Amino acid sequence: MPIANFTLPGASAPSFPEAITSQSASGFVPPPATVPVRIVCRICAQLTTEMVMLASHRIQMRRDRRRTLCHIRQIAMYVCHVALQIPLCEIAKAFGRDRTTVGHACHVVEDRRDDPAFDEFVAVVERTVVSVFRSHGVFGNE
């Protein structure tokens with residue numbers, strides 16, 4: 001199911017008197033504000049970065065910084081597509097890349113999941129991202 005925008009409850013709360021009158025008069029509660037896919041992808045990338053920083057050695061990060069950042073971006077793209085079910089073209093716009101680059105990133109991460117340690121790490125990132133966005137009501141019906 002392609003997702004254009006995510007919804008966060010309470011993101012734009014009306015003032016107190018308006019909330020009471022609109023809710024009690026008609027029983028209708030105004031819909032919450034939506035969060036663009038670009039922001040969701042950035043949050044996912046930041047969560048992935050923080051988790052890599054927790055799991056890796058700082059000395060290794062200094063030596064292979066460019067490669068590490070590329071792997072982080074690939075994992076974030078993969079998680080956005082697999083766990084959050086965001087279409088490749090939307091992820092590409094959010095990361096400033098081409099759709100085929102996102103597809104390549106997904107294939108690279110999928111191929112690397114043969115390694116049990118890497119698979120466990122990606123699974124933890126997926127669970128974390130899903131729990132963050134579920135707790136904010138992003139997955140409305142799921």
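These figures come from a predicted structure and were not determined experimentally. Starting from 1, each residue takes its place in the sequence as its number.
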Evaluate the side-chain proximity of [Y] to [X]: yes if any heavy-atom separation is below 4.5 Å, no if none is.
X      : Y      : result
Glu50  : Gln46  : yes
Phe121 : Ile75  : yes
Val40  : Phe133 : yes

Does the side chain of Arg112 pick up a donor-acceptor pair with the side chain of Tyr78 at under 3.5 Å? no
Cluster link Ile91 to Ile39, ILVMFWY, side chain under 4.5 Å: yes
Examine Val108 and Val79 and state if one hydrophobic cluster contains both, with Ile, Leu, Val, Met, Phe, Trp and Tyr joined whenever side-chain heavy atoms are less than 4.5 Å apart. no
Distance (rounded to the nearest 0.5 Å) between [X] [atom1] and [Y] [atom2]:
X      : Y      : atom1 : atom2 : result
Arg38  : Ile43  : CZ    : CD1   : 10.5 Å
Glu110 : Asp119 : CD    : CG    : 8.5 Å
Thr48  : Met77  : OG1   : CE    : 11.0 Å
Cys41  : Glu90  : SG    : CD    : 8.5 Å
Cys44  : Glu126 : SG    : CD    : 9.5 Å
Thr101 : Arg73  : OG1   : CZ    : 9.0 Å

Mind running side chain to side chain contact (heavy atoms under 4.5 Å, CB included) on Arg127 and Val124 for me, showing each step along the way? CA-CA 5 Å; Arg127 285 193 307 268; Val124 169; 3.2 Å; yes
Apply side chain to side chain contact (heavy atoms under 4.5 Å, CB included) to residues Cys106 and Leu88 and explain how you reach the verdict. CA-CA 9 Å; Cys106 290; Leu88 296 179; 4.2 Å; yes
Which atom names give the shortest non-hydrogen contact between Ala105 and Gln74, and what distance separates them? CB-CG, 3.7 Å
